[in-house]
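Scope of the values below: all heavy atoms of this structure, side chains included, with no hydrogens, waters or symmetry mates. As the structure is a prediction and not an experimental result, all values here were calculated from the model.
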Amino acid sequence: MAQCKRKCCCGARGLVITLAVTGIVLVVIGLAAQPAIHALMRSVIKDSINMENGNSQLFDVWSGNQVIPEYMTYYVFNCTNAQEVQELGAYPNVEVIGPFTYREENHKFNITWSPDDNTVRYKYNRTFTLLDTRCDKPYPDTLEPPLCTLDDNMTFITGNYALVGFINQIAGLMQPNPMFNLTFAEYILLVGTIMNIVKTEGKQESLFMKRTVFEAIWGAEDPILALLFKVLPPALIAALGITSPVVGLQYNNSVPIYQNWSSIKTGNANWEDAFSYVSWAGNDLTLAQSTTSWKGCAETDQGRLYRAQGNMLNGTEGMQFRPLLDENSIVPVYAQDILRSSFLHSTGYSSIQDIDLLRFRIVPWALQNSTLYPPNCAFSNYGPSGVLNMTDTQHAPVFASKPMFYDADPIYRTWVTGLLDASEDKHDTFLDIEPWTGSTMHAHQRLQVNLQLVNIPYLEAFWLLPPMTYLPIMWADEWAVISDDLADEWKSQIGLGLSVATIMQTAGIASGLGLLGIALVGTVVMAILARRREAGEGTPLLKGSLNSDF
């Protein structure tokens, strides 16, 4: 019987040891499984991100062959007291009207790879089509724009940016110019003469105009510019930078700027550079030689450096970034609508269709004035923070901001009344990026266009204006959400790998800890039995027929 007891004890001890070792192995496997699978996924993603010869899985999305639903929703600001502003110096009062929603499609064509496959160049077409579904009422203040639209033939009253731009361009002729260098008296005479011609021709225009939403956004022939093309010498037209009598805020379909070549890096030479611009619309690496370049900063070594940095072409177009991002990542992006590069930083987490994403927003210093952030002198940001001075690129005193002057100096909201309450959720730009692939899966890029109106005592149309105001013209929300098909494709590839890693980790650790627990209980039981044998206790631990075997 004693021999039997020793065998049972040895067998139990061996079983406990086996359970403990197996448990430790399973815990180690569980702890190592996720990092190992993640390392394998990173290696595969680095290889697959390369768009060499269009073999990348992301190529169809980038090229536009596989469409991600994109929309552009506009809201216009109707000025309700235009006469009081112009004749009594009142600040503008506005009402927000919208949404006017268009389906946006981006298509790249003439795609050509470089001989070494390190870059790919292409031409680009961008089109907008008004949605068929009409909204039952205006929705000027919603978190997510509805998939409906108001009629874009609706009229509203807004600032005459063509006239203000024209006056601004003539003022530019008072600066050193190889063809024209007007004195102040000549400037006043030229403006007065042209305005008299406009009145004589019966094309009376004031600082405010009534336009349809369609005309304001997509363009219409401006009476003043159309007349100037007829009566002014071509040399003066060229000096004023006037290229067409049609004035609008947004291009639709193919336009000359998109007919020039653009190019990006494929990631073949360095996966971290994938999708970054090499050139955009014929401008290689920099906009410095472009007619739409930024011209701010003093003529000092530091000023010229800041100006060169402001004109650099950095980043991607915003739908795709380098892969393997994390919460500490800062990514560059080039915003073609405002013709400048900026940076996005991670501000937290989000999710869509059960896919975990990183939320990126514009860095805080992007719209600060040059006092707070000196490099912004490149954009002539000398006034209160919160706007981007686009006078250099638009040839008119146009300033971009976040909608409702969100994040801007509070003074801007004192210069206009009727604005909606500004909030981060409704009026800030964000991109929700899937960190493994660098793909944008949900985005709202929001921008407001404002016209600077300044009191000019010696010009009739301007001499009764308030000292300074920024009149909102419209704001736009360019937004996109990943389609169900693309979300399912991600889940079947990257998502599956992440799920397997998580399951293996959880199962390994749970199973290992379970076996270790059983081994621990067995050890305790064996210790109690051994102690009772040594003490000669006769009280059985287990009652019944099995006791004699123990």
Tell me every residue that passes side chain to side chain donor-acceptor pair (under 3.5 Å) with S346, counting only those two or more places apart in sequence or in another chain. none
Evaluate the side chain to side chain contact (heavy atoms under 4.5 Å, CB included) criterion for residues N110 and W261: first the C-alpha distance (whole Å), next the side-chain angles of each, then the deciding distance (0.1 Å), finally the verdict. CA-CA 9 Å; N110 289 354; W261 289 100; 3.8 Å; yes
With Q353 via side-chain contact (heavy atoms from CB on, under 4.5 Å) - residues at least two apart: I482, D484, A487, K491
To the closest 0.5 Å, what do you measure between CZ (F399) and CG (L471)? 13.0 Å
With a 4.5 Å cut-off on side-chain heavy atoms, are R134 and T149 touching? yes
For residues S279 and S262, is any side-chain donor paired with an opposing acceptor at under 3.5 Å? no
Considering all heavy atoms, the nearest M390-W294 contact: CA-CZ3, 4.0 Å
Which atom of S380 lies closest to which atom of G296, heavy atoms considered: OG-CA, 3.6 Å
With salt bridge (charged side-chain N to carboxylate O under 4.0 Å, His left out) as the test, would you mind laying out the steps for E144 and K426 before giving the verdict? CA-CA 8 Å; E144 291 284 344; K426 295 177 182 178; over 6 Å; no
Could you work out, with ring-ring contact (aromatic ring centres under 6.0 Å, His included) as the rule, every residue matching H427, not counting sequence neighbours? W475
State plainly whether the residues D222 and R211 are in salt-bridge range, i.e. N to O under 4.0 Å. yes
State whether the side chain of D273 and the backbone N or O of G267 hold a donor-acceptor pair below 3.5 Å, judged by distance alone. no
Could you tell me whether the side chain of R121 and the main chain of T112 form a donor-acceptor pair under 3.5 Å? no
F109 vs H107 aromatic rings, parallel, tilted or perpendicular, using cut-offs 30° and 60°? parallel
With no hydrogens and no angle check, do the side chains of T391 and N389 hold a donor and an acceptor under 3.5 Å apart? yes
Can a donor-acceptor pair be found, under 3.5 Å and without considering hydrogens, that links the side chain of D392 to the backbone of K295? yes
Side chain to side chain contact (heavy atoms under 4.5 Å, CB included) between S342 and V363, intermediate numbers included: CA-CA 8 Å; S342 188; V363 291; 4.3 Å; yes
Close side-chain approach of L131 and Y71, heavy atoms under 4.5 Å: yes
Is there a side-chain contact between L325 and R322 (heavy atoms, below 4.5 Å)? yes
Quick check: does any side chain N or O of S341 sit under 3.5 Å from a backbone N or O of N314, one acting as donor and the other as acceptor? yes
Scanning both residues in full, the closest heavy-atom pair of M441 with L357 reads SD-CD2, 3.8 Å
S350 and D432 side chains, donor-acceptor separation under 3.5 Å: yes
A443: partners by side-chain contact (heavy atoms from CB on, under 4.5 Å), with sequence neighbours left out: L431, T440
State, to 0.1 Å, how close D337 and M72 come at their nearest heavy-atom pair, and which atoms those are. OD2-CE, 4.5 Å
Hey, does the side chain of N369 reach the backbone of G386 with a donor-acceptor pair shorter than 3.5 angstrom? no
Is it the case that the side chains of T73 and W479 hold a donor-acceptor pair, with the cut-off being a distance below 3.5 Å and no angle test? yes
Is there a donor-acceptor pair under 3.5 Å between the side chain of T316 and the backbone N or O of Q320? yes
Any side-chain donor paired with an acceptor under 3.5 Å for D152 and T212? no
With sequence neighbours left out, write down each residue that passes ring-ring contact (aromatic ring centres under 6.0 Å, His included) with Y74, or none if nothing qualifies. Y102, W218
May I ask you to test the W436-L324 pair for a side-chain heavy-atom distance under 4.5 Å? yes
side-chain contact (heavy atoms from CB on, under 4.5 Å) against T142, all qualifying residues, sequence neighbours excluded: Y75, Y139, P146
Counting N and O atoms only, with roles assigned by atom type, does the side chain of Q336 sit under 3.5 Å from a partner on the main chain of L339, one being a donor and the other an acceptor? no
Within-4.5 Å side-chain heavy-atom neighbours: M404 and V96: yes
For D428, give me all partners under salt bridge (charged side-chain N to carboxylate O under 4.0 Å, His left out), at least two apart in sequence or on another chain. R361, K402
Pair I473, L249 - check side chain to side chain contact (heavy atoms under 4.5 Å, CB included), show working. CA-CA 10 Å; I473 304 296; L249 299 174; 3.8 Å; yes
Could you tell me whether the side chain of C135 reaches within less than 4.5 Å of the side chain of P99, counting heavy atoms only? yes
Could you pull out the closest heavy-atom pair between R446 and T429, with the gap in Å? N-OG1, 2.8 Å
So, N450 and Q448: side-chain donor and acceptor under 3.5 Å apart, yes or no? yes
Taking the cut-offs as 6.0 angstrom to the six-membered ring centre and 45 degrees off its axis, would you call R340 and Y334 a cation-pi pair? no
Contacts of type ring-ring contact (aromatic ring centres under 6.0 Å, His included), residue F360, not counting sequence neighbours: none
Taken in chain and number order and not counting sequence neighbours, the residues that satisfy side chain to side chain donor-acceptor pair (under 3.5 Å) with Y382 are none
Residues in side-chain contact (heavy atoms from CB on, under 4.5 Å) with D116, at least two apart? S114, N118
Indicate whether any N or O donor in one side chain lies under 3.5 Å from an N or O acceptor in the other, for D477 and H444. yes
Evaluation steps, side chain to side chain contact (heavy atoms under 4.5 Å, CB included), between W113 and I111: CA-CA 7 Å; W113 273 263; I111 297 173; 3.4 Å; yes
Going by ring-ring contact (aromatic ring centres under 6.0 Å, His included), name the residues that satisfy it together with Y406, two or more places apart in sequence or in a different chain. none
State whether the side chain of T300 and the backbone N or O of G303 hold a donor-acceptor pair below 3.5 Å, judged by distance alone. yes
Tell me every residue that passes salt bridge (charged side-chain N to carboxylate O under 4.0 Å, His left out) with E215, counting only those two or more places apart in sequence or in another chain. none
Side chains of N106 and Y124: do they bring a donor and an acceptor to under 3.5 Å? yes
Starting at SG of C148, measure out to CG of L150 and round the result to the nearest 0.5 Å. 7.0 Å
Verify the neighbour count for atom CG of D132: are there more than 12 heavy atoms of other residues, nucleotides or ligands below 6.0 Å? no
Locate the shortest heavy-atom distance separating P472 from Y470; write the atom from each residue and the value. CD-O, 3.2 Å
Is the closest side-chain heavy-atom distance between T133 and L147 below 4.5 Å? no
Side chain to side chain, Y412 and V387, heavy atoms closer than 4.5 Å: yes
Indicate yes or no: does E70 engage R103 in a salt bridge with an N to O separation below 4.0 Å. no
Taking 4.0 angstrom as the limit, do E104 and R126 come out as a salt bridge? yes
